[in-house]
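The next block holds one structure in the form of structure tokens; read it before the comments.
Below, read A as the first sequence line, B as the second, and so on, with proteins coming before strands; counting in each chain starts at 1. Keep in mind that the numbers below use all heavy atoms, side chains included, and drop hydrogens, waters and symmetry copies.
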Amino acid sequence: MRAPEEASRLLDTGYRPYDGPRAGTAGAVGSLLRYSVRRGLGLGRPFGGKVPIGLVILIAYLPAVALVGVSVLVGDILDQPLMQSVRDYYGLITTAVIAFAALVVPELFCTDKRTGMLGRYLATPLTRWTYLLAKAGALLLLLALVSLGPPLLLVIGLAGTGDTPPGALDVLDVVWRVLVATPLLALPLGAVGAAVSSLTSRRIVATAVIGVLLLLGGAVAGSLAATGSPASVMLGDVVMVAFEMPHRLLGGTTSELNSVPLWQLVAAWCAWVAVPTAVVITSYARTKVSR
Amino acid sequence: MSVDTDRPLPGTDDASAKTPVAELVDVSRWYGTVVAVSGVDLSLRPGVTALLGPNGAGKSTLLRLVCGLTRPSRGHVRLLGVDPRRHPEVYRDVGIAPQQEAMFEHESPTRFVQTAARLVGVADPEGATLRALERVGLDPADPRPLRERSGGERQRAKIAQAIVHRPRLLVLDEPVEGLDPRQRIAVLDLVADLGAEGHTVLVSSHVLGELDRISDRVLVMAQGRVVAAGTSHGLRELLDDRPMKVRVGTDRPRELAAALVGLPGVVAVAVDEAVPAGARGGGVVVDTLAAPALRRALAARALSACAVLHEVRPLDDDLDSVFRYLVTR
Amino acid sequence: MTTTTTTTGTAPPGATPPVTVVRTRDLRLRIGERLVLDGADVEVGPGVTGLLGPNGAGKTTLIGLLLGLQRPTSGDIEVLGLDPRTDGPRLRPRIGYSPQLQVLPADVPAVDLVAHLAEVQGLPRSAARQRSSDALWLVGLGEERTRRVGTMSTGQKQRVKLACAIAHDPQLLVLDEPTNGLDPVQRDDLLVLVRRLGTELGMHVLLSSHLLAEVEQVCDSVVILTDGRASSSPLRGATERSTTRLLVVDAGSAPGLTIALRAAGLSVAAPVAPTDGRARDRHEEGDGLARLQVTMTETSHEHALTRALAESGADVHRLSEPRHGLVDTYLETTGGAA
């Protein structure tokens, strides 16, 4: 006995409407954030884009990996408290963080202007401000990759190895300071990078300008200090202001900015975040989304 | 736009009308291994010639070859009877309005056109500039630079620059791109007038209906070759045996369909009955390979079916259909 | 004009009754010194609507206002029942926008680009991927969909833009000069697809273009902007029956036919040329055809016309009612403008 046949049906007219759920602004911000992080890292771009970024990330992590490795093999090579090791580490990765910022931040802001994507994004639930919010989030996550990751790796690595591992409370003490230090470090650098990127649509120009600004600031401030100006002149170097934050949080007393009172440091930090942010906001508010 | 009343162009008298203004003989042009233009023979005379072709067919390369801006890889190009590479002074009689936008952004149209006039050695650059700007409908007294002007004004400035020296050969690549409907009509009418005055105009555009209206001759390119040349109606006639569709509005569609389906060349007849029956709006669409036979027999067949003809409308008898047929074979 | 069949904009069965897709009242927008929109009352209904107007009349600005990208100086706007000023994020996913800009990210494969935008518009990732692929197939780029956009031709890029606009299944498609840079065959293919999207596939379409022929081919009605104001006209549907017909026959039969027609009581004359100063249609000269304008005053005249054509053995090239073309409507409406 044959089984009854199913009735024949025409299944597809070539276009299917979509009746499923649609995320709103929150979903849009999340989508753009994830996508921007991927693009910032060079994923989704042809191979050439990945190489410099990969190198920089490697440079940022390498000392940590090396130190942990040595600690595993040899024991306590660093005869100093954990906090100091971590504090010193920031000094090691300064150049890597600057290079990373110069390479990655322009991709977040310039490319969309150059490729017409900004206009397309604004025809979605995103507005200029939610767009910038997503980009800021991506910016912080990306910077955290090189400014949070390596120190954290070092902490965990050193905490678990060596002949005299630090106690759990000591480790946690260092960890929370590193966590708090990360946005304090990332925000000024990211803001300056974003401000430069928002003024041009050419990635390479932005990378060069950011690199010069960040590196030059130090040179200028350094030479001014050497000729006898007060230490507070160094507040004009954003790199120094940014890196001073983890330095102080981790109990440091030996940086060039050491003599500057805390309130001045905080004020300079706020200025270094607020002013570039204002530049970004003004630039995007005035951008005519052309056809 | 007033018609220019200056002296007639040289070459509009009988003697020099024998020599084509531009001539390409078995011309090919390749770039490395890519052949852009392959074995083209053409000659251009006064009047408007439209150059049509799909993207990538080699139109831009052909235009550059005609202007003498590129030399052929094979074959030879003659402008006004001479090889432009040996006689570069012939370029003074060529005017070009290319598609690309690169112009002197910081200059006003007036200065831009004047500079062009001076470069070519026009006798009275200021006067010629004024006339050229008036013809394209730009205000000579407006000092604003080109970068502050709209697309339409920039386009017209380009054309003014190309005609300021009253060249015998005028090459216009997409001259109405970006212009609004009224501006398009104005510029194309200008092109038609220039052709009527004796300039030899070669125009390329993707909007065939507009070009058809003003051209004396049509050149169709595909895959680097010129696949058809002639007048628009001439080409349509030559291709009368291509499949064509004609809509016939009638009060008795089904009866007319029955009467037509037996006609030689008819491939299919689609019936479109109006509701309610007998009301207007019904008809048939006839698919045929022998359009002339259909045209001749239509009224008689309608009469024999006791049907009245309300409408006879070829659905693909325009230049667009001819073009599609030529380039997609 | 070529291979499209003209259909009126009927909604698919079971659809909701017609809504007003876009409505503006007394819309004004001032940019600097200039009043770009000056009391524009725009009504866009269902189906495919054209948006025309001289450069600088405010078409792009209007589109920006409809999308909520700009705020008007005064006046009301309603799109798909929402106010773009207050409901922008809710409204924009319901709109598919293809801007005029030809620039696209060069190093991204087409399918990734379309999927990413669909995701930002609110579709879950898997649905976005799937619909991106579907959309690219629909626009004819199925086989090329994994190629980087930078390697694509102008025609292909235009279709990528269209795919971006439809992947998230919008209710309203806003297309700004979608056929720019396309050759005639590519243009026609895209327009056929747009017509299909606007009729069978249930989207409303607003098509902004400078090519009157293309608007005539695809749209059910047009909105013409002039000097910051708007006027609408339908393009299809029943027009007043006219008593005149334009008849095109072979030149050889014309004299005999004329005599026969007049004998039957119809009046025959040469057709009236356009009066707007446009250059004559060159291709009509010397093509061996005669053009006649025939006026019928009695119901029996139509039959008489058919009979006269049959008996004179004329080749009937065309028989049509003179239509007030879009060109005439446009030129009249924008008459005073520069």
Rounded to the nearest 0.5 Å, the OH atom of C/Y330 sits from the CG atom of B/D180 at a distance of 4.5 Å

So, the part of B/A293 with a heavy atom under 4.5 Å from chain C: the answer is neither

In this structure, CG of C/L212 is separated from CZ of B/R182 (nearest 0.5 Å) by 10.5 Å

Hits for salt bridge (charged side-chain N to carboxylate O under 4.0 Å, His left out) against C/D189, two or more places apart or cross-chain, chain-then-number order -> B/R324

Answer key: most heavy-atom pairs under 4.5 Å with chain B among C/G181, C/G155, C/S312 is C/G181

What one should report as the nearest heavy-atom pair of C/T306 and B/A307 is CG2-O, 3.8 Å

Please check this pair: side chain of B/N55 against backbone of C/S153, looking for a donor-acceptor N/O pair closer than 3.5 Å.
no

Whatever's closer than 4.5 Å to a heavy atom in chain B on C/Q186 counts as side chain

Assess whether atom CZ of B/R296 is packed by more than 12 heavy atoms of other residues, nucleotides or ligands within 6.0 Å. no

One should read off an interatomic distance between C/D183 CG and B/D320 CG, to the nearest 0.5 angstrom, of 10.0 Å

Shortest non-hydrogen pair, C/A310 vs B/A299, comes out as N-CB, 3.4 Å

NE2 (B/H310) and CD (C/E302) are apart, to the nearest 0.5 Å, by 4.0 Å

Pair C/L305-B/L309, side chain to side chain contact (heavy atoms under 4.5 Å, CB included): steps then yes or no
CA-CA 8 Å; C/L305 174 60; B/L309 295 175; over 6 Å; no

Okay, B/R301 and chain C: the region with an atom under 4.5 Å from a heavy atom over there is neither

Practice task
For C/H303 and B/L303, run side chain to side chain contact (heavy atoms under 4.5 Å, CB included): C-alpha distance rounded to whole Å, both residues' side-chain angles, the deciding distance at 0.1 Å, then the answer.
Solution key: CA-CA 9 Å; C/H303 181 83; B/L303 212 58; 4.3 Å; yes

Between C/P184 and B/H206, the two heavy atoms sitting closest are CG-O, 3.4 Å

Here the gap from B/R313 atom CZ to C/S320 atom OG, rounded to the nearest 0.5 Å, amounts to 8.5 Å

Test side chain to side chain contact (heavy atoms under 4.5 Å, CB included) on B/I185 and C/L331 and set out the steps.
-> CA-CA 10 Å; B/I185 293 174; C/L331 289 175; 4.1 Å; yes

Taken to the nearest 0.5 Å, the spacing of B/R295 CZ from C/H317 NE2 works out to 4.0 Å

Sequence neighbours excluded, the answer for salt bridge (charged side-chain N to carboxylate O under 4.0 Å, His left out) partners of B/E174 is none

